[in-house]
Each structure stands twice: as structure tokens, then as C-alpha cells.
Amino acid sequence: MELLLAVDVSRSMDYEEVRMQREGYIAAIQHPDFINAVRGGLLGRIAVSYFEWAGVVDPSSRIDWQTIETAEDAKAFAARLQERPIITNRRTSISAAIEEGTIALLSNRYAGMRRVIDVSGDGANNVGQPVALARDKAVAAGIVINGLAIMLRPSTTVALDQYYADCVIGGPGSFVLPVHRVEDFTTAIRRKLVLEISDRGASSDPIPIDDPQTDCLVGERQWQNLFDR
């Protein structure tokens, strides 16, 4: 399995939330449940890469592909992530994250049996190409997209978990998990990684996507309305 972790650091989240999200990934990657899921796979190893995004992908945030087979491998990857400074940026381009993730998966040196983009985010796409278009291109290339919908604040424009279900995730067994409290970050991230590695997303009570009702351009329209007032 090739797993690309695409993590939202847009300024709609405050520093504490971004820090908790980062620590959630660091803890999840080193957790025994994660290691056991890796070892329980067909080959007993996965390839992982990571980057952070907001309006664009931050090039300095990239952690290059690494094979994780043992607890020591996982700790080494987590240590590289721990060293990263916490930086936030403007706007939200889920489509840019998916585009960059697709390129990274298709151009690396691995030939995994599954390719997955794991996207976390706290808002709708509001810049770049339409997110559904980026999603459809990735799925057509054989990539699965799963989502972590960060729902720490009420939204008056869109139910973010439903938006992710209708507009962001895609591919066989794809799913979205919501996070409603900061203290739930670590558990949610760990659960999502284990489900992805175990290829059990279809049994993780995903939100149905067969009859999408969400306006996938809601973020772009909301942003435009700010300038039309």
C-alpha cells in the first residue's frame, strides 16, 4: 500500500488545533494498532509520504516516501514529522492537495497494490480547480481518497462530513470520519489510518455517496460573496 497523508493547515484552524492535529499524526503512526495493521497486511509493509496544504501545498512540508515495516521505521517517520515547524497559510484548496497527492503517488518508485490519499480538512474548497474534478481524475487513475472532516465549529454553509462524502472522497471502500472535538484528533486519526491500512473502510459506517446532494462549489461561492458585498 502507498499512503499519502495530506494535512490541512489553513488559518481557519488556530495554532492549538493545528498542533493537536500534528501530534495526532505523530502519535497514531507510532501506536501499536498502526504497527499491527501494517504487519497484518499481505506484505507486512507500507510506503508513506506526508505534506501540508492550505491554498497551495507547502513544498517545505513534504516528507518523502518511506517504507514502514517495523516499529522503528514508524518512529523514524514520526521523528521527521516532529521536527517540522508549525506553519499555517491562507485559503483552502483540497483540489491542490488531491492533485499533488496524485502526482506523488503516480511518480514515486513504488508499485503498491493500493494507492490512497488521506485528506484532513476543516472547510470546503475555495480556490484552485473544482474539488470534484480533481477527485474524479485521481479515482480514474486508480487512487482511493479518504477524508477526515474536522468539524470543531458549527458551519452555516455546509455539513462538512457530507461535503467530503459527496465532493472529496472516492474510490472503492472510500470513507470519511468526522472530528467534533480537539481531544478526539488522536483517536480519529489512528482509527482512520488503521482502517485504510486494513482496507476496511467499507465497514466503517461511511456516509453514502451514491446520491450526492451537496453543492461542491459552495466554498468558491462563499468566498466570491465576500467580494461582492
Side-chain angles (χ1 to χ4, degrees), residues 2-13 18 21 49-63 65 87-108 114-151 155-178 192 196 206-229:
E2 302 167 44
L3 178 62
L4 191 289
L5 305 175
V7 178
D8 183 6
V9 292
S10 58
R11 289 178 183 164
S12 52
M13 292 194 291
V18 174
Q21 180 181 223
S49 183
Y50 172 101
F51 63 66
E52 295 168 351
W53 59 275
V56 295
V57 172
D58 177 4
S60 71
S61 72
R62 297 177 189 275
I63 297 179
W65 291 98
I87 301 171
T88 60
N89 284 294
R90 297 176 65 249
R91 305 290 293 269
T92 299
S93 184
I94 305 171
S95 59
I98 293 174
E99 287 176 292
E100 290 287 332
T102 300
I103 292 170
L105 283 163
L106 297 181
S107 64
N108 66 29
R114 289 191 294 132
R115 291 174 169 143
V116 177
I117 299 175
D118 176 328
V119 182
S120 71
D122 80 327
N125 196 79
N126 61 35
V127 67
Q129 74 165 304
V131 65
L133 180 59
R135 182 267 314 275
D136 292 346
K137 290 179 180 177
V139 171
I143 294 169
V144 173
I145 304 171
N146 297 323
L148 186 74
I150 301 171
M151 305 171 67
S155 173
T156 58
T157 57
V158 62
L160 191 63
D161 50 357
Q162 191 64 54
Y163 174 87
Y164 262 68
D166 289 344
C167 307
V168 178
I169 68 171
S174 59
F175 63 94
V176 54
L177 293 179
K192 182 158 64 77
E196 286 167 333
I207 295 173
I209 61 172
D210 54 342
D211 186 22
Q213 301 295 319
T214 304
D215 175 9
C216 293
L217 295 175
V218 62
E220 288 87 344
R221 299 189 205 283
Q222 183 182 23
W223 188 265
Q224 186 60 48
N225 286 341
L226 293 176
F227 294 96
D228 291 342
R229 292 176 180 173

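Here Asp122 pairs with nothing under the salt bridge (Lys or Arg N to Asp or Glu O under 4.0 Å) rule; sequence neighbours left out. Take Ser60 and apply the side-chain hydrogen bond (donor to acceptor under 3.5 Å, both in side chains) test, not counting sequence neighbours, and it matches Asp58. Listed by chain and residue number, Gln21, Tyr25, Tyr50, Glu52, Ser120 satisfy the side chain to side chain contact (heavy atoms under 4.5 Å, CB included) test with Val7 (two or more places apart in sequence, or in another chain). Shown here are the side-chain hydrogen bond (donor to acceptor under 3.5 Å, both in side chains) partners of Arg62, two or more places apart in sequence or in another chain: Glu100.
Under a 3.5 Å cut-off, the side chain of Arg91 and the backbone N or O of Val56 do not form any donor-acceptor pair. Side-chain atoms of Tyr163 do not come within 3.5 Å of backbone N or O of Ala149 as any donor-acceptor pair.
Across every non-hydrogen atom of Cys216 and Val131, the tightest pair is O-CG1, 4.1 Å. In this structure, Ile117 and Gly101 approach most closely via the heavy-atom pair CD1-C, 3.7 Å. Annotation for Pro130 and Leu217: closest pair CB-CD2, 4.0 Å, computed over non-hydrogen atoms.
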Could you list the donor-acceptor pairs under 3.5 angstrom formed by side chains in residues 92-99, with sequence neighbours left out?
| residue | atom | partner | partner atom | Å |
| --- | --- | --- | --- | --- |
| Ser93 | OG | Ser95 | OG | 3.2 |
| Ser93 | OG | Ala96 | N | 3.1 |
| Ser93 | OG | Val127 | O | 2.9 |
| Ser95 | OG | Asn125 | OD1 | 3.4 |
| Ser95 | OG | Gln129 | O | 2.8 |
| Glu99 | OE2 | Gln129 | NE2 | 2.6 |

Acceptor/donor pairs from residues 136-148 side chains to any protein atom, 3.5 angstrom cut, sequence neighbours excluded:
| residue | atom | partner | partner atom | Å |
| --- | --- | --- | --- | --- |
| Asn146 | OD1 | Phe175 | N | 3.0 |
| Asn146 | ND2 | Glu196 | OE2 | 3.2 |

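Taking OG1 of Thr102 as the start and CZ of Arg115 as the end, the distance is 10.5 Å to the nearest 0.5 Å. Atom CG of Leu105 is separated from atom CG of Leu3 by 8.5 Å, given to the nearest 0.5 angstrom. One distance of note links CD1 of Ile169 with SG of Cys167; it measures 10.0 Å at 0.5 Å rounding. In this structure, the separation between CD on Gln162 and OG1 on Thr214 is 5.0 Å, given to the nearest 0.5 Å. Distance check: Asp161 CG to Ile150 CD1 gives 12.5 Å after rounding to the nearest 0.5 Å.
Residues Trp53 and Asp8 have side chains in contact (heavy-atom distance under 4.5 Å, counting atoms from C-beta outward).
Dense packing is recorded around CZ of Arg11, with more than 12 heavy atoms of other residues, nucleotides or ligands lying under 6.0 Å away.
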